[in-house]
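The structure appears right after this line, and notes come after that.
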Amino acid sequence: MLAWERVQFELAISDVFGYHALQLGLPELDALQANRMPHKWLALPALPGQIDAVELPLGLPGRTLPDRIGSCRAALFADSAALPFPESSLDMVTMPHTLELCGDPHSALREVARVLVPEGRVVISGFNPASLWGLRQKRDHLYQRFGRDALFLPSAGEYIGYWRLRDWLRLLDFEVESAHFGCYRPALGNQKWLERFDWMDRAGKRWWPIFGAVYFLVAVKHVQGMRLLESSWKTPAFPVAAPAIATSKDQLTGCASRP
């Protein structure tokens, strides 16, 4: 799954131009590696107890990360629903499985729309509930009530369907630019059986394309155009027609008959 998503991110963001890019979550997947923006960051949720606390210059307690994780120059702790960036300051935001693992996906999407510049891009990947993996997850939840089995996918968060996510993006003035589905094999943990079902990845793209275990989409933020309203004293006056002097027909005839 990570290998398929890595290829999709490389194809989607390699030609996206700008200055500032941000990846939210999932440090195991370097989603910004193929992009050439000069400023790239990786934002992670706070992990108490896993990283030692340090003293910041102002005397406030905080935590630090290594100076470089993957292709990102810096890393920071930030909540997906409260990003420490001003409005319209980022050119691209990548969200690999971020919405389904955060507590409030609506607020996270709204915050991404706030920090993105007009025509900025958000790249999202997530698990598809309408897939073989989604069916196994539902079955495992049922079995857990009887203490028989463990979950195949992470239990945190809520898995958001593809069409449901498109509706959320449309409400925030995003337009889906491209979308792909992948990983059509059953949810198996045995490498031997996974290789036997390798044919399903090729057949799924043709026969059941929207039932892949993972979906991947790129959306563009659109902002409607504005027209500046000038002050009343700056409004140019409309030209007024001046009266013209015209002679009568008899006078013109008399002038023409004189020698």
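The model shown is predicted, which means the values in this text are computed figures rather than measured ones. Numbers here are sequence positions counted from 1.
- Residues Phe17 and Asp91 share a closest heavy-atom pair of O-CB, 4.4 Å.
- Formation of a donor-acceptor pair under 3.5 Å by the Lys221 side chain with backbone atoms of Gly120 is not found in this model.
- Hydrophobic clustering of Ile, Leu, Val, Met, Phe, Trp and Tyr side chains at less than 4.5 Å, counting indirect connections, keeps Val220 apart from Met92.
- The salt bridge (Lys or Arg N to Asp or Glu O under 4.0 Å) pairs that include a residue from residues 179-190 are Arg185-Asp198, Arg185-Asp201, where partners are two or more places apart or lie in different chains.
- Remark: Arg164 CZ is packed, more than 12 non-hydrogen atoms of other residues, nucleotides or ligands lying under 6.0 Å away.
- Screening Thr94, Val123, Ile13, Asp15 for a side-chain contact (heavy atoms from CB on, under 4.5 Å) with Asn35, the sole residue that qualifies is Ile13.
- Put simply, the side chain of Gln23 gets close to the backbone of Gly25: a donor and an acceptor are under 3.5 Å apart.
- Cluster membership check: Trp168 shares its hydrophobic cluster with Leu83, using side-chain heavy-atom separations under 4.5 Å among Ile, Leu, Val, Met, Phe, Trp and Tyr.
- In terms of hydrophobic clustering, with Ile, Leu, Val, Met, Phe, Trp and Tyr side chains grouped at heavy-atom distances under 4.5 Å, Val122 and Leu11 are assigned to different clusters.
- Although no hydrogens or angles enter the test, the distance criterion places a donor-acceptor pair under 3.5 Å between the side chain of Thr98 and the main chain of Leu24.
- Sorted by first and then second residue, the salt bridge (Lys or Arg N to Asp or Glu O under 4.0 Å) pairs involving residues 105-130 (not counting sequence neighbours) are Glu111-Arg114, Arg121-Glu177.
- Aromatic ring orientation, Phe9 versus Phe216: perpendicular (interplanar angle above 60°, classes split at 30° and 60°).
- Ring geometry for His20 versus Trp41: interplanar angle under 30°, hence parallel rather than tilted (30 to 60°).
- Applying the salt bridge (charged side-chain N to carboxylate O under 4.0 Å, His left out) rule to Arg6 yields no partners; only residues at least two apart in sequence or on another chain are considered.
- Just one residue in the list Leu32, Leu22, Asp30 forms a side-chain contact (heavy atoms from CB on, under 4.5 Å) with Lys40, and that residue is Leu32.
- A donor-acceptor pair is defined here as one N or O able to donate and one able to accept, closer than 3.5 Å; such a pair exists between the side chain of Glu100 and the backbone of Phe127.
- Using a 30° and 60° split on the angle between ring planes, Phe181 and Tyr162 fall in the perpendicular class, above 60°.
- A chain of hydrophobic side-chain contacts below 4.5 Å, direct or via other Ile, Leu, Val, Met, Phe, Trp or Tyr residues, connects Trp133 to Leu2.
- Under the 4.5 Å side-chain contact rule for hydrophobic residues, Leu171 and Leu109 do not share a cluster.
- Panel note: side chain Asn128, backbone Tyr215; no donor-acceptor pair is recorded below 3.5 Å.
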